Amino acid sequence: FIMNIQQFTSKIIDYRKAVITSIIVITVFFLFFIPRIKVNPDVFSNLPKEDKTAQLFNTVGEEFGGNYICIIGLESKDVFTHAVLKEIKQITDSSMNVSGIASVSSLTNIIDIKGSDWGMDVGNLVDPYNLPKTKSELQKLKKYVLSKNLYKGGLVSEDASMTIIMARIEEGVDKIKVANTLKEKIKSLNIESKLYFGGQAFVTTEFGHIISRDLLFIGPLSFLFILLVLFIGFRRFKAVIFPILTILISCIWTFGLMGMLGIEISIITSVIPILLIAIGSAYTLHVINRIYKNGGNFNQTDLKKALAYIIVPVFFASITTIFGFLSFVFGSYLDMISKFGLFTSLGIAFSLILSVTFIPALFAVFPDKKAKGSETDIESKTTTNKFLTSISQVVINHPKRVLAIWCTVILLFTSGIFMIDRSVDILDYFKKNNPNRITEKILQEKLGGTSPVYVSIKGDILKPNVLNSIRETQDYMLKFDGIVSTQSIADLIIEMSDVMGEGRIIPKDEQKIENLWFLLEGQDILERLISYDQNEAIIQATFGSNDMDEMSDFVTKMDSYFEQHKTPDIQFQMTGMPSLMLRFDESIVKSQFQSLAIAIILVLIAISLLSRSFGKGLLAITPILSTLIILYGFMGLVHIPLDLATVLVGSISIGIGIDYSIHMISHINHQLKNNNTLNEAIYSAIGISGKSIFINVVAVSLGFLILLLSSLVPLQRFGILVAVTMLASGLGAMTLLPAILVLKEKHKQNRK
């Protein structure tokens, strides 16, 4: 194995120009595909295809007029004025003319069923070409609308100060583009009333804007911070430029591959560049640090020797990190998290390849001049080396104190683990001052919210027993505080029956239902409530609470209700935001446990193979297990919940943090093989490998803390937690791990 490594390093140096040329060619090839990458901020498009809740959600969209709804809220002192009604009509007509909009519902085109001289009139609530003008007409309309459950609280607020125009987006179109076009079209109308843009489509669009902004602004800013730290840490031009080249090329290869395969950027995969900046720079740092340690000798023999030494720990460090990220591929519910794990792993593999080929080849082609004075003399004067020397002395001379401090910290943070909460509310992902979050809050207060619920009932829909079952289901749903309103084909039949003088009932006579249906046929609203072949109906409802306990109670009791009331002729299914949010919540817990378990097992195997000892493998992951306790304890103590982004940090901390332990153990073992004492080995490891670790911890922490500038709250939390993780794992590798080794050695000597 050692001979193969030596042969490999020799070939890299001997064929250095061919290596550099090949990497440039590959980079240009992948660069060609980057413009093809698209941003997909739609969380719900990442639902697994085999999930029944997700399948039904998509089916409702395909068969019942779209499940992506744009809600335009219009607020005024009183919406029942001629001027406001004209604005509503203007927005309605303009929305219908936007390509990709399937249907629009508002006060000026909503269906209304009322009696007439001929018996019954099924038409619009108002004549869109002759809107009410006089005070008496407007007051009559207001009184009528607020007396109808079909309109009050759902279409118009109870105080008549707000109404909504609801536009459904067609399936199979670019929803983000359609929502953007619609919003710009409405803004251009110069409506005097106050407008609000809410609903899943506009929320998703805002995610898209933020992701694009973060990629263009936060990524480069993080890049600059890491560059600054590298310069301060090494004070050498190449120690800054070469890691930057590695990062840039690995990012180009990763995103070029994504573009080539048609993989879209999501809210989660948008952080891949920052991860690659942090991780990719670490491998290059260790390679460069090992090259520089010889005092500036850059002949081919010294380069080969340095590379042969560092390649094994760097290889195992990258493998364990890859394992940490691959755990998301096997343990995730959401497709975007699986892709995040896969492509981050590939990016890390690219960083490894570049660190052990491209960087040595560059040094061989562009060697540094001989340094004046020894490297050790120069470095001993720096603040970093003084700090590392102090750590070495504390660890070697006071290992029990070090261990006691760590035990105290671990016990303190353990209590916080039991306080961790979970958050799957998409609106919580925006800052409190975000217009979308403010809009959703207002719409929730005025009209009960924008979270849709869909109940599918399959059967012979126009049979009296099936329609009654639909009505009974609606009545049961309305018993929940979270349900604001419901609508179904049964409502229309009951309205018509009432107008005909039969009372607010479903007619028992099937022929009467057929007659009422004949009068309804052709109305636009029907395609959103009943299938063309009349064997499936949809109850549409609005859930007005974001509380997970309320959602869980609602979904659980509805499932129980469906089980009790299903018959051979009637089948029930439910989907919508509460059901999907619960699936997200379940997936967060499942992903967390599965990914952590997979990551720990794979990393333990890799470390055991490296050290050829299972016991040493357990010892190596001690700092990581301690870091996990600190991480989750910190989350509980400062009330950072598990969400779509923070659920990733545990496995990331294992993957990245174990690198530090690997480099420390490898360095210590190498020194021991050269007949150094354990204390000398630890001193050397902290002084040389510890320097790379320290610089990388600072660089990674600052790089991720830049995420605090993101407009997405989960990414802000993600940045804080990665910084905490890096600090804990770095200190653990440089203090806890060597302290345990010193105590173990002392115990062995005492036994003798």
Side-chain angles (χ1 to χ4, degrees), residues 68-98 101 103-110 125-126 128 131-133 135 137-139 141-143 145-146 151-169 176 178-210 426-428 430-452 484-485 542 544 546 711:
Y68 280 81
I69 303 170
C70 298
I71 294 178
I72 301 100
L74 187 148
E75 188 176 34
S76 180
K77 258 188 174 181
D78 185 356
V79 298
F80 293 99
T81 66
H82 183 69
V84 174
L85 288 175
K86 279 181 67 177
E87 290 179 337
I88 295 169
K89 183 180 184 304
Q90 193 178 5
I91 294 171
T92 304
D93 293 345
S94 297
S95 300
M96 282 300 300
N97 290 326
V98 173
I101 295 295
S103 63
V104 182
S105 299
S106 74
L107 271 174
T108 59
N109 73 349
I110 193 75
L125 176 65
V126 298
L131 297 172
K133 292 181 181 178
K135 189 174 181 179
E137 287 176 332
L138 291 164
Q139 284 299 315
L141 175 63
K142 181 177 181 178
K143 184 178 179 181
V145 168
L146 295 179
Y151 311 128
K152 184 182 72 174
L155 185 64
V156 181
S157 64
E158 293 189 13
D159 63 1
S161 66
M162 178 175 278
T163 185
I164 60 169
I165 298 94
M166 189 161 57
R168 292 176 182 271
I169 298 179
I176 306 301
V178 173
N180 274 325
T181 303
L182 177 63
K183 191 172 186 178
E184 293 305 313
K185 184 81 175 281
I186 293 169
K187 281 184 173 181
S188 70
L189 298 176
N190 297 318
I191 301 297
E192 290 187 11
S193 299
K194 191 167 185 178
L195 293 176
Y196 298 92
F197 296 91
Q200 184 59 38
F202 287 131
V203 169
T204 301
T205 302
E206 180 67 9
F207 274 141
H209 291 154
I210 293 172
I426 301 298
L427 291 178
D428 281 346
F430 292 118
K431 291 181 179 179
K432 290 183 179 179
N433 61 350
N434 183 276
N436 286 76
R437 185 164 178 171
I438 293 170
T439 293
E440 293 297 325
K441 186 177 180 181
I442 291 170
L443 290 173
Q444 189 169 334
E445 290 173 353
K446 292 279 187 179
L447 295 159
T450 62
S451 296
V484 180
S485 60
T542 302
N546 296 321
S711 295

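Just so it is clear, the model here is predicted, and its values are computed rather than measured.
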Engineer: Grab the two heavy atoms, one from Ile191 and one from Gln90, that are nearest each other, plus how far apart they are.
Structural biologist: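 Looks like CD1-OE1, 3.6 Å.
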Engineer: Going from CZ on Phe202 to CD1 on Ile69, what distance comes out if it is rounded to the nearest 0.5 angstrom?
Structural biologist: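 So the CZ of Phe202 and the CD1 of Ile69 are separated by 11.5 Å.
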Engineer: Could you measure the distance from the OG1 atom of Thr439 to the CD atom of Glu206? Nearest 0.5 Å is fine.
Structural biologist: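 Those atoms lie 10.0 Å apart.
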Engineer: If you take all heavy atoms of Thr163 and Leu155, which pair is closest and at what distance?
Structural biologist: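 Minimum heavy-atom separation between Thr163 and Leu155: OG1-O, 2.9 Å.
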Engineer: Would you indicate whether the side-chain heavy atoms of Val178 and Ile101 approach each other to under 4.5 Å?
Structural biologist: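 Answer yes - side chains close enough.
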Engineer: Are side-chain heavy atoms of Val156 and Phe80 found at a separation under 4.5 Å?
Structural biologist: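 Yes, side chains in contact.
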Engineer: Counting only heavy atoms not in Lys185, do more than 12 sit closer than 6.0 Å to its NZ atom?
Structural biologist: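 For Lys185, atom NZ is crowded (more than 12 foreign heavy atoms under 6.0 Å).
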Engineer: Is it true that a side-chain atom of Ser105 and a backbone atom of Ile110 form a donor plus acceptor pair closer than 3.5 Å?
Structural biologist: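 Side chain of Ser105 to backbone of Ile110: no pair is present.
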Engineer: Is atom CD of Glu158 surrounded by more than 12 heavy atoms (other residues, nucleotides or ligands) closer than 6.0 Å?
Structural biologist: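 12 or below, so no.
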Engineer: Is a side-chain N or O of Ser157 found less than 3.5 angstrom from the main chain of Met162, in a donor-acceptor match?
Structural biologist: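 Looks like yes, one N/O pair under 3.5 Å.
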Engineer: So, the side chain of Asn109 versus the backbone of Val104: is there a donor-acceptor pair under 3.5 Å, distance only?
Structural biologist: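 Yes, Asn109 side chain to Val104 backbone: donor-acceptor pair under 3.5 Å.
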Engineer: Find the distance between CD1 (Ile88) and CD1 (Ile164) and round it off to the nearest 0.5 Å.
Structural biologist: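 So the CD1 of Ile88 and the CD1 of Ile164 are separated by 11.0 Å.
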Engineer: Which heavy-atom pair separates Glu87 from Glu192 by the least distance, and what is that distance?
Structural biologist: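 The answer is OE2-N, 3.0 Å.
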Engineer: Considering all heavy atoms of both residues, which atom of Leu125 and which atom of Tyr151 are nearest to each other, and what is their separation?
Structural biologist: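 Closest pair (atom of Leu125, atom of Tyr151, distance): CD1-CE1, 4.0 Å.
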Engineer: Search all heavy atoms of Ile169 against all heavy atoms of Cys70 and return the closest pair with its distance.
Structural biologist: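 Shortest heavy-atom separation between Ile169 and Cys70 comes out as CD1-SG, 3.7 Å.
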Engineer: Hey, could you give me the CG/CG distance between Asp159 and Asp78, rounded to the nearest 0.5 Å?
Structural biologist: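 Asp159 CG to Asp78 CG: 9.5 Å, rounded to 0.5 Å.
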Engineer: Does a side-chain heavy-atom distance below 4.5 Å link Leu74 with Leu195?
Structural biologist: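 Contact flag for Leu74/Leu195 side chains = yes.
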Engineer: Is a side-chain N or O of Gln139 found less than 3.5 angstrom from the main chain of Lys135, in a donor-acceptor match?
Structural biologist: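 Not a single qualifying donor-acceptor pair exists.
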Engineer: With side-chain contact (heavy atoms from CB on, under 4.5 Å) as the criterion, how do Leu85 and Leu138 come out once you've worked through the C-alpha distance, each side chain's angles and the decisive distance to 0.1 Å?
Structural biologist: CA-CA 10 Å; Leu85 288 175; Leu138 291 164; 3.7 Å; yes
Engineer: Show your working on side-chain contact (heavy atoms from CB on, under 4.5 Å) between Ser76 and Thr81 and close with a plain yes or no.
Structural biologist: CA-CA 9 Å; Ser76 180; Thr81 66; 5.5 Å; no
Engineer: With respect to Lys89, which candidate in Leu107, Val126, Thr108 satisfies the side chain to side chain contact (heavy atoms under 4.5 Å, CB included) definition?
Structural biologist: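 Passing option: Thr108.
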Engineer: Does Lys183 make a cation-pi contact with Phe197, if we ask for NZ or CZ under 6.0 Å from the ring centre and within 45° of the axis?
Structural biologist: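 Yes, Lys183 lies over the aromatic ring of Phe197.
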Engineer: Once you round to the nearest 0.5 Å, how far does OG of Ser161 lie from CD of Glu75?
Structural biologist: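 One finds 5.5 Å between OG of Ser161 and CD of Glu75.
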Engineer: Can you name the closest pair of heavy atoms from Ile186 and Ser95 and give their distance?
Structural biologist: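 Ile186 and Ser95 have their closest heavy atoms at CD1-OG, 3.9 Å.
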Engineer: Take atom NZ in Lys431; do more than 12 heavy atoms of anything else shown fall under 6.0 Å from it?
Structural biologist: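 Yes, NZ of Lys431 has more than 12 neighbouring heavy atoms, counting only those of other groups under 6.0 Å.
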Engineer: With a 4.5 Å cut-off on side-chain heavy atoms, are Ile91 and Ser106 touching?
Structural biologist: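 The answer is no; the side chains never approach within 4.5 Å.
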